[in-house]
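Everything below concerns the one structure shown next.
Residues: numbered from 1 along the sequence shown. All values derive from a computational prediction rather than experimental measurement.
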Amino acid sequence: MSEESTEKREKKPFDRLQDQLKDTVETGAVTTDGNSSIHCLTIIGQIEGHYALSSENKTTKYEHVMPQLVAIEESPDIKGVLFLLNTVGGDIEAGLALAELIAGMKKPTVSLVLGGGHSIGVPLAVAADRSFIVPSATMTIHPVRTNGLVLGVPQAFTYFQKMQERITDFVVAHSHIKKARFSELCMNTGELVTDVGTVLDGKDAVAEGLIDQLGSLSDALDALYERIP
């Protein structure tokens, strides 16, 4: 037996807890110790994409999460993954890339929306095998838009339309909402003051077929354990 494995085996519970806390601080993730090891990964704040955001912003960096997902999928010790979401959205391509990776995992996955799962957070929430939302959480559904200088040519708006179609198709494929209804919620002009779209609370998100079930941490964990062979 190697020195590394001996050291790991001889670690006391307090030392293992300290290691877990260190991982949580550095990566926003932790693997629980139990009969079936569960990896918990948080997606919080704003999804940071190709451009670095201000250090004052809480961000989830997609270049950090992507290799974590690969490592989780390949790890024989991890039996399931719990995703905790409280995000305002962010970079569309980065968020959709993470959602595609989550949807492509063979290991059981469950998502839990806490606080908010807005904008590109919607595909991330529905990408898991089973999705939960707490009653007090909200999800904002709106069409693709951008900040800054945009060339006012037809090609630019065609690009936005095609990107919106990719997002819509992904959400519809991984939830129970109909495409026409999702598009209707995106283009609602009677709810948001300065934008088009719809805000759904937990109960409405389930009623629309976007999220599978109302619930909290214990419900999400129970559903995850049920999917572990």
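Follow the hydrophobic side-chain contacts under 4.5 Å out from Val65 and you reach Phe170 in the same cluster. Each of Leu124 and Val88 belongs to its own hydrophobic cluster when Ile, Leu, Val, Met, Phe, Trp and Tyr are linked at side-chain heavy-atom distances under 4.5 angstrom. No chain of hydrophobic side-chain contacts below 4.5 Å, direct or via other Ile, Leu, Val, Met, Phe, Trp or Tyr residues, connects Tyr62 to Ile44. Ile92 and Leu53 fall into different hydrophobic clusters, where Ile, Leu, Val, Met, Phe, Trp and Tyr residues are linked whenever their side-chain heavy atoms come under 4.5 Å apart, directly or through other members.
In the displayed structure, Met187 atom CE is contacted under 6.0 Å by at most 12 heavy atoms of other residues, nucleotides or ligands.
The two residues Gln213 and Val206 have their closest heavy-atom pair at C-CG2, 3.7 Å. The nearest pair of heavy atoms linking Cys186 to Pro143 is O-CD, 3.0 Å.
The existence of a salt bridge linking Glu184 and Arg181 is confirmed by a sub-4.0 Å separation between a basic side-chain nitrogen and an acidic carboxylate oxygen.
Under the 4.5 angstrom side-chain criterion for Ile, Leu, Val, Met, Phe, Trp and Tyr, the cluster partners of Leu192 are Val199.
Although no hydrogens or angles enter the test, the distance criterion places a donor-acceptor pair under 3.5 Å between the side chain of Thr87 and the main chain of Gly45. Not a single donor-acceptor pair under 3.5 Å links the side chain of Asn188 to the backbone N or O of Leu185. Looking at Glu73, its side chain does come within 3.5 Å of a backbone N or O of Lys106 through a donor-acceptor pair. Side chain of Asp129 to main chain of Thr109: a donor-acceptor pair is present (N/O by atom type, distance under 3.5 Å, no hydrogens or angles). Side chain of His118 to backbone of Thr140: a donor-acceptor contact under 3.5 angstrom is found. Of the possible donor and acceptor atoms, one in the side chain of Lys79 sits under 3.5 Å from a partner among the backbone N and O of Pro76. Side chain of Asp91 to backbone of Glu48: no donor-acceptor contact under 3.5 angstrom is found.
In this structure, Thr59 has no side-chain hydrogen bond (donor to acceptor under 3.5 Å, both in side chains) partners at least two apart in sequence or on a different chain. Among residues two or more places apart in sequence or in another chain, the side-chain hydrogen bond (donor to acceptor under 3.5 Å, both in side chains) test is passed with His39 by Thr31. With sequence neighbours excluded, no residue satisfies ring-ring contact (aromatic ring centres under 6.0 Å, His included) with Phe182. Applying the side-chain hydrogen bond (donor to acceptor under 3.5 Å, both in side chains) criterion to Lys179, with sequence neighbours excluded, gives Asp169. Every residue was checked against the side-chain hydrogen bond (donor to acceptor under 3.5 Å, both in side chains) condition with Thr60, not counting sequence neighbours, and none meets it.
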Review point. Does the side chain to side chain contact (heavy atoms under 4.5 Å, CB included) test come out yes or no for Val134 and Leu112, once each step is laid out?
Key: CA-CA 8 Å; Val134 297; Leu112 176 59; 4.2 Å; yes
**Study point:** Full working for side-chain hydrogen bond (donor to acceptor under 3.5 Å, both in side chains) between Ser119 and His142
**Key:** CA-CA 6 Å; Ser119 190; His142 62 73; 3.1 Å; yes
Practice item. Walk me through it: do Leu217 and Leu114 pass the test side chain to side chain contact (heavy atoms under 4.5 Å, CB included)? Key: CA-CA 10 Å; Leu217 180 59; Leu114 303 157; over 6 Å; no
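From Phe83, atom CZ reaches atom OG of Ser131 across 12.5 Å, with rounding to the nearest 0.5 Å.
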